[in-house]
Amino acid sequence: MSNIVTRRRSNLKIEYEQEKENEKQIENTTTTIIVKQELQPDEKQKGINGSIKNEKKDTDVGKDIESEGEEQESEDGSDADDDDDDFIEEESSEEEEKEKKPKRIKKEEPMKSIATTTTTTTTTTTNISNQKIQHMISYHQFQNNQVEAIRKDLLKWYQKSKRDLPWRSKLIKGIDDEELNNRGYRVWVSEIMLQQTRVATVIDYYNAWMNKWPTIKDLASATLDQVNQVWAGLGYYRRAKNLHLGAQFVLEKCKGKIPRSAKGLLEIPGIGPYTAGAIASIAFGLREPLVDGNVIRVLCRLRSIGSNPAKSQTTKHLWQIAGDLVDPVEPGDFNQSLMELGATLCSVTSPQCGACPINQYCQAYTEFKQTQSTPKPEPSNSISRFFTKVEPPSAKVKEESKAPLVIDKMKPLDKNDTICNICINWEETDSPTLSVTKYPQKVAKVKPRDEVVHVFVLHKPNLDAKVNTKDDLYFLVQRPETGLLASLWEAPSLLFAGNGKDDDGDENNSEDEGKKGKKRKTATRSKATSKSDIPTPPKEQQDLLEYIDKNIISKYPETSKLSVVSATFRGKVTHQFSHITQTLHIYDVPCRVSEKETTSKKSIGTNKQNTLWVPFTEISKQAISNQMQKCFDLYKTNKK
């Protein structure tokens, strides 16, 4: 009996030792695999993913492989790699371990070939920019149920949040024709001033303008020089000239009455589609749309319009959907609310989408939230990939409640709906929206050309008894009636760099160019600032004096009796136009007056530009540009 017990104990001991040995072998194998994971996480990851893709090739024929290196997901929503981690950690019984053991060893062999296959697949799917348009044209249009809601919510917000501006007033029904005409004039002036200019800058200019010319008749009777004096410093000076011409047109052709339709307003010089829409809707209460920079931004984001807003087809579409939105009861307030939204909340770089009153109708905002709600793939070497992720039931419920938003861009609105013909490529609208600032498309700006201008501040002793000052008088010339800084006053200047073209690019051409598709003719630059073969001013004093006498003094009849005393370089300033970067070199040129002409009659110029001799304190009261004001400010500072 005791022998039997001893033999059984011996057998049990052998079995126990054999069991221990097997466990030890399995542990060593598992450790080897884990070490390989740590040393080659990317290689292991690619291999396992590739293996799973090959295993599922027959069953998952309809599934597309994720592009840009994103992880392939299994049907239950978890990463395919997580299943493999569970497999490695699972150790249930000796028999199962023996069956699993060879499988683990075989995983190491195909890694390189599978990784190569996976890499090739990724390469063929990364060129996503060549994808075709994936949305219908109706995706850029408003649906009927949205239009009414947008009108209501936007008008409600505007009445509560609008800024108090001097040109804004409620349209009162039944006002007399004269007051309605004055209302149209006030809106006209404000809209022209606000083009390309900040509201804060415009307020003082608007008040000064209306104090000087409260009616259109008052403006028509003013001179262009007076108009430029009030406008001086506001920039884009052709707007002032067009306002003046427009007032004269209304007085002569319309008997002083501003046309009461957008079509009639377009006949006035300087008024284009935007200004006509603004006057018609805001001043006269007509249901007319308007599209400016702020409205373009709002509409492009509301309807996810990623095409170039400067394209004629895109512009036409924007005007169409703007017309669809206009409120028939309060068109003026609605148009102002669109502009107000773009100027305040829907800004270029820092939009406040959370505070937007119509964000629930904004497709750009919805696309952005959809992008944010899409889970991002973990890095291939993330430690979380080597553990099983276990979440409490409450977390799963919370995750389900945050289901990604789905936008069906390919759903036809009606039988006439077609694939979008406004967008040119996939990237414009269909690419991921990482921010609402994706819309509208950024239009590349032309790099400004560089110019160097030499400015000669000529002044002489005051010998005119009519001018009550002991200070010197300063010489100013007036620029031509067309072109850059038209009809403004400046010190005589010479241009020495740039292409010599005066394309008036600092002016707002869009309104005029919108009329009948015609562009303005390019103006020629004045002789005083024309680019020529004249060499740059020499540094030697005597040479410089002769240079100024030859190229400046002798060109004007009004300076023919002057002789240059000295010429001192006072410094330089830089001024930025929209299309030009100018560096202006300023010279102080005191002169003395002779009884006879200092140059022969043959060499005296016949320049027909208007000229002025004024005390220095009166210069700023003339119609001079910001560019020239900078020159005189530097001259005054460095002269002391």
Side-chain angles (χ1 to χ4, degrees), residues 135-165 168 170 199 274 277-278 281-282 287-307 309 314-315 317-373 404-409 411 413 420 422 429 433-441:
H135 62 275
M136 309 298 284
I137 187 64
S138 59
Y139 192 60
H140 298 320
Q141 296 169 341
F142 292 102
Q143 298 181 23
N144 292 334
N145 60 334
Q146 295 175 324
V147 171
E148 195 61 41
I150 290 173
R151 289 171 181 169
K152 180 181 176 182
D153 292 350
L154 202 52
L155 282 168
K156 182 180 178 181
W157 168 81
Y158 177 70
Q159 297 304 333
K160 286 176 60 177
S161 307
K162 66 180 178 180
R163 294 168 291 178
D164 185 18
L165 301 173
R168 281 182 176 166
K170 192 73 176 176
V199 170
Y274 163 74
S281 62
I282 299 171
R287 191 175 185 271
E288 293 286 349
L290 57 78
V291 175
D292 72 343
N294 286 322
V295 174
I296 287 173
R297 185 163 58 255
V298 171
L299 293 179
C300 284
R301 290 173 181 175
L302 281 174
R303 294 297 90 188
S304 300
I305 301 173
S307 58
T314 309
T315 301
H317 183 76
L318 288 169
W319 276 94
Q320 178 208 319
I321 62 176
D324 294 340
L325 273 187
V326 180
D327 186 77
V329 180
E330 298 180 90
D333 279 358
F334 181 81
N335 283 338
Q336 288 185 94
S337 70
L338 271 179
M339 294 188 289
E340 188 82 353
L341 185 68
T344 56
L345 298 183
C346 197
S347 61
V348 178
T349 56
S350 305
Q352 302 174 47
C353 296
C356 177
I358 53 174
N359 57 17
Q360 64 268 42
Y361 315 110
C362 180
Q363 286 180 172
Y365 188 49
T366 303
E367 289 174 0
F368 166 69
K369 290 192 293 183
Q370 180 179 348
T371 304
Q372 295 299 303
S373 64
L405 299 167
V406 178
I407 304 176
D408 190 358
K409 299 181 181 180
K411 181 180 179 181
L413 194 63
C420 176
I422 296 176
T429 293
T433 303
L434 304 178
S435 169
V436 299
T437 56
K438 167 186 172 181
Y439 305 105
Q441 184 185 129

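- Side chains of Asn335 and Glu288: no donor on one and acceptor on the other come within 3.5 Å.
- When side chains are defined from C-beta on, Arg303 counts as touching Gln146, because their heavy atoms get closer than 4.5 Å.
- Ring-plane geometry between Phe368 and Tyr365 is classed as parallel, the angle between the planes falling under 30 degrees on a 0 to 90 degree scale with a further cut at 60.
- At distances below 3.5 Å, at least one donor-acceptor pair connects side-chain atoms of Thr315 with backbone N or O atoms of Pro309.
- Heavy-atom minimum distance, Leu290 versus Ala278: CD2-CA, 3.7 Å.
- For the side chain to side chain donor-acceptor pair (under 3.5 Å) test with Tyr439, the passing option among Gln363, Arg297, Glu367 is Glu367; the others fail.
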Apply side-chain contact (heavy atoms from CB on, under 4.5 Å) to the pair Cys300 and Leu318, showing each step before the final yes or no. CA-CA 8 Å; Cys300 284; Leu318 288 169; 4.1 Å; yes

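- Atoms OH and CG, on Tyr158 and Leu341 in that order, are 12.0 Å from each other to the nearest 0.5 Å.
- Note that CG of Asp164 is 9.0 Å distant from CZ of Arg168, once rounded to the nearest 0.5 Å.
- Closest non-hydrogen pair, Phe334 versus Ile150, comes out as CE1-O, 4.4 Å.
- A distance of 6.0 Å separates CG in Asp292 from CE in Met339, rounded to the nearest 0.5 Å.
- The minimum heavy-atom distance linking Ile422 with Ser307 is given by the pair CG2-OG, 3.0 Å.
- Using a 4.5 Å heavy-atom threshold, the side chains of Trp157 and Leu345 count as touching.
- Checking side-chain atoms of Asn359 against main-chain N and O of Cys353 turns up a donor-acceptor pair under 3.5 Å.
- The line from CD of Gln372 to OG of Ser435 is 9.0 Å long, rounded to the nearest 0.5 Å.
- Asn144 CG: 12 or fewer foreign heavy atoms inside a 6.0 Å radius.
- The shortest non-hydrogen separation linking Val348 to Thr437 is O-CG2, 3.4 Å.
- Between Cys362 and Val298, every side-chain heavy-atom pair lies at or beyond the 4.5 Å cut-off.
- Side chain of Lys438 to backbone of Thr429: a donor-acceptor contact under 3.5 angstrom is found.
- By the 6.0 Å contact criterion, NZ on Lys152 is open, its count of non-hydrogen atoms from other residues, nucleotides or ligands being 12 or less.
- A distance of 9.0 Å separates CD1 of Ile296 from CH2 of Trp319, quoted to the nearest 0.5 Å.
- Closest heavy-atom contact between Ala364 and Ser304: N-OG, 3.5 Å.
- The shortest distance between side-chain heavy atoms of Gln141 and Asp324 does not fall below 4.5 Å.
- No side-chain donor-acceptor contact under 3.5 Å links His317 to the backbone of Ile305.
- Counting heavy atoms from C-beta outward, Cys420 and Tyr139 have side chains that stay 4.5 Å or more apart.
- Here the closest non-hydrogen pair linking Lys170 and Asp333 is NZ-OD2, 2.8 Å.
- Residue Glu340 forms a salt bridge (charged side-chain N to carboxylate O under 4.0 Å, His left out) with just one option from Arg163, Lys160, Lys162, and that option is Arg163.
- Here the side chains of Arg151 and Pro328 are in contact, with some heavy-atom distance below 4.5 Å.
- Counting heavy atoms from C-beta outward, Leu325 and Leu154 have side chains that stay 4.5 Å or more apart.
- With a 4.5 Å cut-off on side-chain heavy atoms, Val295 and Tyr274 do not count as touching.
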